[in-house]
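Just so we're on the same page: letters track the sequence lines, and every chain starts at 1.
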Number of protein chains: 2
Amino acid sequence: MSQGNSAVTVQVQARAASAGVEGTASDDHERTACTVLQVLERVSGKWAIGILLECAQATRRFTELERSVKGISRRMLTLTLRNLERDGLLVRTVYPTVPPKVEYTATPMAVELYESLASLAMWAERHRSAIADARSEYDRKATAPTA
Amino acid sequence: MSQGNSAVTVQVQARAASAGVEGTASDDHERTACTVLQVLERVSGKWAIGILLECAQATRRFTELERSVKGISRRMLTLTLRNLERDGLLVRTVYPTVPPKVEYTATPMAVELYESLASLAMWAERHRSAIADARSEYDRKATAPTA
DNA sequence: CCGTATCCGACCGGATACTG
DNA sequence: CAGTATCCGGTCGGATACGG
C-alpha cells in the first residue's frame, strides 16, 4: 500500500491520523476499514516489519539492523526508522560517544502490534497453498483462454 | 507496501513461499516476517481492504462497489478486483444478460482474513491517540528544534 | 452495466557519494 | 558509526476516452 500515502487524501484513510480526527466515517465497517488501513500503511513498505521484528526481540544498533535486515539500503533503513520512531513504535537513543552509538528499541505498543501481526501470519500459513493454487489456476486460464 | 511487490524477493520471503520450503530460515521470527509481509502485500494497495469489506458483508455488483468504496476509480476497482480474484479471495460471477451483471463474493478464506484484520483494527483503536500524540510530539520537535 | 486502453504525475526505494 | 543528499528508474494510481 502506500506509495500514495502522502498525496492520497481521497477519502477517509490517510488524513484521519494527524490529530484525532475521524468524524467522516459513516457506516460501521468503514471506520474499521479506515483503521485497518491506517495500521497497514504504518507497517507497510518493504522494511518496517523486518525492523520491528528485530527491535522487538532486543534493542538494536543502527549497523546491527543494517546487517540483520538483509537487503536494506542505508537510506531506507534511516527513513523507515524515522517513521517508526515518529509513530511511537520505536525509541531512538543516542550516545554521544565517539564513535557514535545509536540504539533502537521497540515500545510496548510495537510489541503488541507484532502479536497482532502473528494472527495475520497464521492466516497466511493456513491458506498459503490455497492461494498459490488459485493463482496458478487463474494464470493458467488467463494465459491459455481459448486453448 | 507494495509497489515493490514484484521485485521484492530480497531475502527470506521468496524461498519459503513456493511449496512448503522453509528450511533456510534461521531464526523463528524471520519466517514470521516473511509470511506477514506476504499477507500485507496481498491486502495492500489503497483499495483491497475496502472492497474485501464490502464483499465480505454480502455479494456485491460492480457498480455497487464503485459507489460504496468511495473515491475509487473504475480502473483501480477493476484492477484490485482482478487481483483479489486471482488470489482466490473473491469469486466473480458473470450473468450474460443485457445489461450485463457481474457479482463479486468473498470466499470463506477472505472472511477469515477479515477476522484477522479485526485484530489489527483493535490494536489501532487502542493506540490511536498514543500514535497521534507521538506524531505531534515528534513533529513539534522536528519543526522547532532549536527554538 | 461492466469494463479496457492510454497518458501522466506522484512517490517509493535503490545506488552512490559525502559528512560529523 | 550513523547518518544525509542527490539522482533515477519502476510502479502505483488518477483522469479520461472508448468498447461490448
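Among the heavy atoms of the strands lying under 4.0 Å from R74(A) is at least one base atom, whether or not backbone atoms are also near.
With the nearest nucleotide of DNA chain C identified for both R67(B) and R75(B), R67(B) has the one nearer the 5' end. Residues M76(A) and P100(A) each lie close to DNA chain C; by heavy-atom proximity, the contact nearer the 5' end of the strand is made by M76(A).
Ionic pairing of R60(A) and E54(A) is present here: one or more N-O contacts between side-chain nitrogen and carboxylate oxygen are shorter than 4.0 angstrom.
Following chains of ILVMFWY side-chain contacts shorter than 4.5 Å, one can reach L77(B) starting from V102(B), so the two form part of one hydrophobic cluster.
Under the salt bridge (Lys or Arg N to Asp or Glu O under 4.0 Å) criterion, E115(A) pairs with no residue, sequence neighbours left out.
The side chain of S73(A) sits closest to dG14(C) out of dA2(D), dG14(C), dG14(D). In this structure, the nucleotide among dG13(D), dG3(C), dA2(D) sitting nearest to the side chain of R61(A) is dA2(D).
Contact check for R126(A) versus M109(B): no side-chain heavy atoms found under the 4.5 Å cut-off. Counting only heavy atoms from C-beta outward, the side chains of L120(A) and L117(B) approach each other to under 4.5 Å. Residues R74(B) and F62(B) meet the side-chain proximity criterion, which asks for heavy atoms closer than 4.5 Å.
Considering only side-chain N and O atoms, Y104(A) lies under 4.0 angstrom from the phosphate OP1 or OP2 of dG3(D).
Residues from residues 78-95 of chain A placing a heavy atom under 4.0 Å of any atom in DNA chain D, listed by number, are T78(A), R82(A), R92(A).
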